[in-house]
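In this text, all values refer to a predicted model and were calculated from it rather than measured experimentally.
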Amino acid sequence: MEDEFKHLVRISRKDVNGNKTIEQALTEIKGVGISLSKTMCRTLDLDLESKIGYIADEDVLRIEEILENPQKFDIPSWMLNRREDYETGDDIHLIESDLDMTLRDDLNRMKKMKKTRSYKGRRHEVGLPVRGQRTKSTFRKSSSVGVKRSRG
């Protein structure tokens with residue numbers, strides 16, 4: 001542990017609040033959930049309850065390294081957010097802007113495929129639910145639809 005407290009800690013292009021615990025602060029990074037955060041802390045032998053503002057610079061570098069390549073540190077593949085990538089077929093983990101860009105590319109690919117325009121892509125284009133949810137009562141964008149009662 002370092003003696004000097006940092007109010008903002010920069011981890012993988014993201015400023016993290018130094019007053020939070022290591023476990024909670026890592027979840028501020030887009031693409032890192034609570035289970036991956038706990039696994040990373042256990043892999044690197046970090047105390048889950050200590051404040052991230054007191055963390056040493058070497059530990060920050062180790063955290064960034066595990067975010068770059070989680071398979072190298074024996075993180076199970078089911079914890080990764082991009083298994084069997086469309087282009088490469090590899091299991092990878094994306095964070096921050098890389099995750100946003102990849103999701104946007106996936107949606108555009110589903111929408112724009114000329115011959116095989118997928119069902120999911122068409123639903124995304126029109127703004128309807130993609131995964132089979134009901135549409136009678138939900139997903140109304142502007143006004144609600146109802147039955148007007150006659151008084152009389």
Side-chain angles (χ1 to χ4, degrees), residues 2 5-143:
E2 274 187 11
F5 180 78
K6 298 181 219 88
H7 291 281
L8 285 177
V9 180
R10 184 104 175 140
I11 300 176
S12 295
R13 300 171 287 178
K14 174 77 174 171
D15 289 329
V16 177
N17 185 358
N19 291 317
K20 290 190 173 186
T21 62
I22 295 175
E23 176 185 9
Q24 287 297 317
L26 289 177
T27 61
E28 284 186 25
I29 301 170
K30 186 169 185 167
V32 178
I34 193 74
S35 62
L36 182 62
S37 172
K38 284 181 182 180
T39 306
M40 285 170 48
C41 290
R42 289 187 185 123
T43 302
L44 299 175
D45 291 327
L46 298 174
D47 182 22
L48 294 171
E49 299 303 317
S50 64
K51 303 277 186 197
I52 199 160
Y54 291 112
I55 197 170
D57 291 336
E58 300 84 41
D59 290 333
V60 171
L61 292 175
R62 288 171 49 209
I63 289 172
E64 289 177 352
E65 190 177 339
I66 201 170
L67 284 172
E68 279 293 317
N69 192 0
Q71 294 94 342
K72 185 173 137 187
F73 292 88
D74 295 328
I75 302 289
S77 63
W78 56 266
M79 279 193 168
L80 307 179
N81 61 7
R82 185 92 178 152
R83 294 183 298 274
E84 296 179 14
D85 184 43
Y86 184 77
E87 284 90 25
T88 63
D90 297 335
D91 295 339
I92 55 177
H93 192 80
L94 301 172
I95 55 171
E96 293 294 328
S97 61
D98 298 334
L99 181 61
D100 292 333
M101 190 174 61
T102 307
L103 291 176
R104 189 177 58 243
D105 291 345
D106 287 345
L107 286 177
N108 287 336
R109 188 183 65 247
M110 278 192 269
K111 290 177 190 177
K112 301 289 185 226
M113 286 186 157
K114 300 273 187 241
K115 295 178 184 175
T116 60
R117 287 184 35 115
S118 67
Y119 177 78
K120 284 175 69 174
R122 283 184 270 153
R123 300 293 282 190
H124 275 296
E125 270 185 293
V126 182
L128 291 171
V130 175
R131 298 183 180 172
Q133 297 94 331
R134 61 175 54 240
T135 57
K136 181 176 181 180
S137 59
T138 58
F139 299 100
R140 304 282 179 185
K141 295 289 184 190
S142 57
S143 63

Nearest-0.5 Å distance, CD1 of residue I52 to CZ of residue F5
10.0 Å
With sequence neighbours left out, write down each residue that passes side chain to side chain donor-acceptor pair (under 3.5 Å) with R82, or none if nothing qualifies.
D85, D106
Shortest non-hydrogen pair, M79 vs T39, comes out as CE-OG1, 3.0 Å
Rounded to the nearest 0.5 angstrom, the CG-CG distance for L80 and L36 is 8.0 Å
Residues D45 and R62 bridged, charged N to O under 4.0 Å
no
N/O donor-acceptor pair under 3.5 Å between E96 side chain and K14 backbone
no
side-chain contact (heavy atoms from CB on, under 4.5 Å) partners for E64, two or more places apart:
I11, S12, V60, L61
To the nearest 0.5 Å, how far apart are CG in N17 and NE2 in H7?
9.5 Å
Would you find a donor on one side and an acceptor on the other, under 3.5 Å apart, between the side chain of K38 and the backbone of L48?
no
Chi angles and distances behind the side chain to side chain contact (heavy atoms under 4.5 Å, CB included) call for L44, D59
CA-CA 8 Å; L44 299 175; D59 290 333; over 6 Å; no
Is the shortest side-chain heavy-atom distance between S97 and R13 below 4.5 Å?
yes
Between I95 and V32, is there a side-chain heavy-atom distance shorter than 4.5 Å?
yes
Only pairs under 3.5 Å count here: list side-chain donor-acceptor contacts from residues 21-30, not counting sequence neighbours, and write none if there are none.
from, atom 1, to, atom 2, distance (Å)
T21, OG1, Q24, N, 3.4
T27, OG1, Q24, O, 2.5
E28, OE2, K20, NZ, 2.9
K30, NZ, D100, OD1, 2.7

Drop me the distance from M40's CE to L46's CG, to the nearest 0.5 angstrom.
8.5 Å
Nearest 0.5 Å, please: how far is CD1 in I66 from CZ in F73?
5.5 Å
How long is the gap from CZ on R131 to CZ on R123, to the nearest 0.5 Å?
13.5 Å
Test your reading of the model: is there a side-chain donor-acceptor pair from D91 to the backbone of E84, 3.5 Å cut-off?
yes
Determine whether a donor-acceptor pair (N or O, by modelled atom type, separation under 3.5 Å) exists between the side chain of H93 and the backbone of G31.
yes
E65 versus E68: any side-chain heavy-atom pair under 4.5 Å?
no
